[in-house]
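Below is one structure, written out as structure tokens; comments come after it.
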Amino acid sequence: MDKPALPERPNWRDEADRLGFTFADMNGAPYWDETSAYRFTLREIEEDIENPSTELHAMCREAVANVISSEEWMERLAIPSEHRDFIATSWKRNDPELYGRLDLAYDGSGPAKLLEYNADTPTSLYESASYQWLWFEEQQKRSVLSADADQFNGIHEALVARFSTICEPGEDVHFAADASNPEEYATVETLAWAAREAGLGAHFCDLAQIGLTEEGQFADEQSRVIGTLFKLYPWEDMLRDEFATHLGPSGTRFIEPPWKALLSNKGLLPLLWDMFPGHPNLLPAFFLEDVRDALAGGSPSPSIAAAFAAARDQLAAGHVTKPIFSREGAGVTIYERGHATAFTRDDSYSHHPMILQALAPMPEFGGFHPVIGAWIVGETCCGIGLREDRARITHNMSRFKPHFIEG
Amino acid sequence: MTRKRSRHVALVLAGTATLALAGCKDDRVEAQAFPDLDSCIAASQENGLWFTEDDCRKNFAAAQKDFVETAPRYASKELCEQEHGAGNCGDDPAAQQSGGGFSFMPLLMGYMMGSMMSRGGGIFSQPMVRSANGSYTTPRGEQSFANNSGKGKVSPQTFQRAPTTLGKPPMTAAQVNQRGGFGASSTARPAAGGSRSMGG
């Protein structure tokens with residue numbers, strides 16, 4: 001893995017405009033940046049990222065199966081008690097998942113480490129599935145990239161295949177998102193294109209315009225009943241909204257399914273470490289309240305005492321705290337040798353329970369720290385997208401970088 | 001060698017909130033709105049339009065009838081003005097005939113006519129009322145228009161008749177809000193200024 005400098009395509013900004021990729025620059029800073037790209041070997045992609053990511057998703061499914069029957073874990077993951085059956089039913093009914101993005105720290109050597117799983121509402125899908133694909137095809141045509149180079153990016157075709165598998169031919173799917181946010185609209189539009197290609201009817205619906213019929217079904221702004229709803233809106237918020245009591249009775253089929261509420265939650269990280277301690281792709285992780293005293297020299301909560309003892313030195317060297325619900329790096333703090341060495345100013349999620357995770361050694365390439373987003377469609381890893389930043393905590397303005405495989 | 005990328009992808013984004021997810025767009029029909037019958041008749045004198053003075057009269061009469069039958073009815077004037085704006089509400093014109101108790105309705109602010117090729121080339125109409133944000137809507141309220149005059153292309157659903165409210169009990173505050181039940185919660189504390197991204 002390295003990051004060679006590459007010539008930009010001379011017309012890429014115009015092309016981004018023409019294609020509707022309107023947020024390639026944001027607030028005057030580049031968001032899409034092709035002045036360089038990350039290069040991987042096929043072995044790195046397959047053995048260090050693709051296969052481990054598919055395995056991590058399988059482990060997450062095991063974690064869900066465990067939590068479903070555990071009031072204690074439901075409580076720790078802050079699932080409102082009145083919705084626990086709704087979530088459990090969706091798992092027992094085997095509601096299929098659509099997509100997710102595992103965020104990994106990886107430097108080209110040693111196992112990739114799971115930082116978190118955006119299993120419910122991951123964005124940057126258009127950049128990953130489409131625009132970096134176009135970059136690759138064009139740079140190969142221009143001989144900037146060699147003829148035998150490739151890209152790990154089967155995301156679009158995997159989405160088409162997945163929609164065909166989990167929906168009936170011709171099924172109408174509503175795609176709801178915040179209509180005023182171009183990035184989020186781009187994510188649902190990317191999904192909707194794939195749904196159409198799979199022979200489904202795809203309709204956009206502004207999330208705030210979803211209504212309730214007299215029969216208690218959800219309806220779009222034209223009062224068409226919503227049978228299947230993809231929502232780019234987190235389950236933790238859905239479960240706390242005014243319409244939450246109608247979720248089950250509405251009969252609507254939700255994508256992602258309700259059980260994804262258990263994965264789109266950073267409480268997943270201590271859960272995974274509890275189930276798979278020492279797994280090479282996981283970092284030691286605990287709920288902060290279980291280890292706060294121990295970090296100050298006291299005793300940890302008895303249930304995790306042994307696991308904490310094993311990880312004590314690693315955690316003392318460096319760890320990260322983050323709220324169980326958080327987006328775009330909000331509320332994340334890095335501690336090294338007892339001192340806070342990096343944090344984000346956004347503390348809007350910091351009133352939630354916190355988890356603590358051992359610090360992954362973040363690689364640095366030309367002054368930037370990349371995070372690999374490994375896309376899961378269905379149950380399989382099918383592509384990656386990278387974000388990088390000078391700061392050590394990736395946030396919503398971090399750059400998207402294309403990648404290619406060579407060697 | 002096995003290829004690790006898609007053979008093709010979808011590249012074009014149609015853009016924000018245009019509802020233009022390709023192929024999703026309903027067929028559009030020609031439509032024109034008028035604040036009153038006279039402005040419709042005046043417009044009908046122009047050459048090459050799809051409606052005549054006779055269409056104006058018939059459709060205005062139909063819109064007036066639809067208005068009385070389908071416009072929302074409210075239990076109080078305050079509630080009505082909350083939904084339709086101050087000064088845009090009045091007593092129920094059918095209150096005496098219907099005998100369904102006293103209620104309040106938005107005022108008729110004009111009507112919209114549409115040329116419906118899909119329904120045999122006929123001309124259909126809907127009454128227009130104000131909404132609280134200053135726009136105009138049909139009684140169903142699902143599509144809003146900046147003005148009650150002017151022409152354009154609209155969804156044929158614009159001309160779908162609203163359910164009748166005549167003789168039904170007027171709406172109370174609790175019944176008014178059947179939309180907007182999602183999107184209000186945020187497990188984040190409200191950020192100062194600007195809307196928060198829902199994704200991640």
Side-chain angles (χ1 to χ4, degrees), chain A residues 19-21 118 121-123 126 129-130 133-134 136 150-157 178-187 189-190 192-194 196 202-204 206-212 221-223 232-234 236-238 240-243 325 327-328 330 348-349 351-352 396 405, chain B residues 1-26 137-144 154-158 160 162-163 168 171 175-200:
Chain A
L19 293 172
F21 181 27
N118 296 290
T121 59
T123 52
Y126 176 75
S130 286
W133 181 93
L134 181 67
F136 178 89
D150 200 357
Q151 186 176 73
F152 182 31
N153 184 6
I155 303 167
H156 177 77
E157 287 176 357
D178 173 5
S180 64
N181 185 317
E183 267 187 277
E184 299 189 359
Y185 189 82
T187 295
E189 205 176 354
T190 303
W193 278 107
R196 288 236 173 75
H203 311 278
F204 179 74
D206 185 12
L207 181 81
Q209 289 299 313
I210 291 177
L212 198 63
E221 68 272 25
Q222 295 184 35
S223 295
L232 195 74
Y233 182 65
E236 67 257 24
D237 291 335
M238 296 278 283
R240 289 164 173 83
D241 264 333
E242 196 187 326
F243 276 178
F325 303 128
R327 295 254 166 341
E328 309 279 18
S348 52
Y349 291 90
H351 55 301
H352 292 294
N396 61 350
I405 307 170
Chain B
M1 183 179 135
T2 327
R3 183 181 157 121
K4 295 197 77 75
R5 65 186 190 279
S6 298
R7 295 273 155 198
H8 75 282
V9 304
L11 281 168
V12 179
L13 294 172
T16 349
T18 53
L19 307 189
L21 289 177
C24 170
K25 237 173 163 174
D26 292 312
T137 74
T138 60
R140 291 171 68 86
E142 285 132 7
Q143 298 186 53
S144 63
V154 304
S155 156
Q157 265 128 356
T158 307
Q160 217 167 69
K168 300 261 174 75
M171 282 189 286
Q175 292 161 316
V176 166
N177 194 1
Q178 294 282 304
R179 271 185 210 284
F182 287 128
S185 285
S186 175
T187 48
R189 290 196 186 106
S195 71
R196 166 169 292 279
S197 164
M198 299 294 183

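Quick note on labels: first sequence line is chain A, next is B, and so on, each numbered from 1. Here the structure is a predicted model, which is why all the values come from computation and not from measurement.
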So, the part of I155(A) with a heavy atom under 4.5 Å from chain B: the answer is backbone
Okay, A129(A) and chain B: the region with an atom under 4.5 Å from a heavy atom over there is backbone
If the condition is side-chain contact (heavy atoms from CB on, under 4.5 Å), which residues does T187(A) pass it with, not counting sequence neighbours?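 Per chain and number, T187(A) pairs via side-chain contact (heavy atoms from CB on, under 4.5 Å) with Y99(A), T123(A), L125(A), L232(A).
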So CZ of F21(A) and CG of L11(B): to nearest 0.5 Å the spacing works out to 11.5 Å
Interatomic spacing from CD in E157(A) to OG in S6(B) - rounded to 0.5 Å: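 The CD atom of E157(A) sits 4.0 Å away from the OG atom of S6(B).
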| message | Closer than 3.5 angstrom, by distance alone: can the side chain of N153(A) be matched with the main-chain N or O of R5(B) as a donor-acceptor pair? | response | no
Exercise for review: Measure from the side-chain N and O atoms of Y233(A) to the backbone N and O of F182(B), and report whether any donor-acceptor pair falls under 3.5 Å.
Suggested key: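 No, because the side chain of Y233(A) does not come within donor-acceptor range (under 3.5 Å) of the backbone of F182(B).
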*asked:* Less than 4.0 angstrom from a charged side-chain N to a carboxylate O is my criterion; do D150(A) and R3(B) meet it?
replied: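 Not counted as a salt bridge, because no side-chain N and carboxylate O are separated by less than 4.0 Å.
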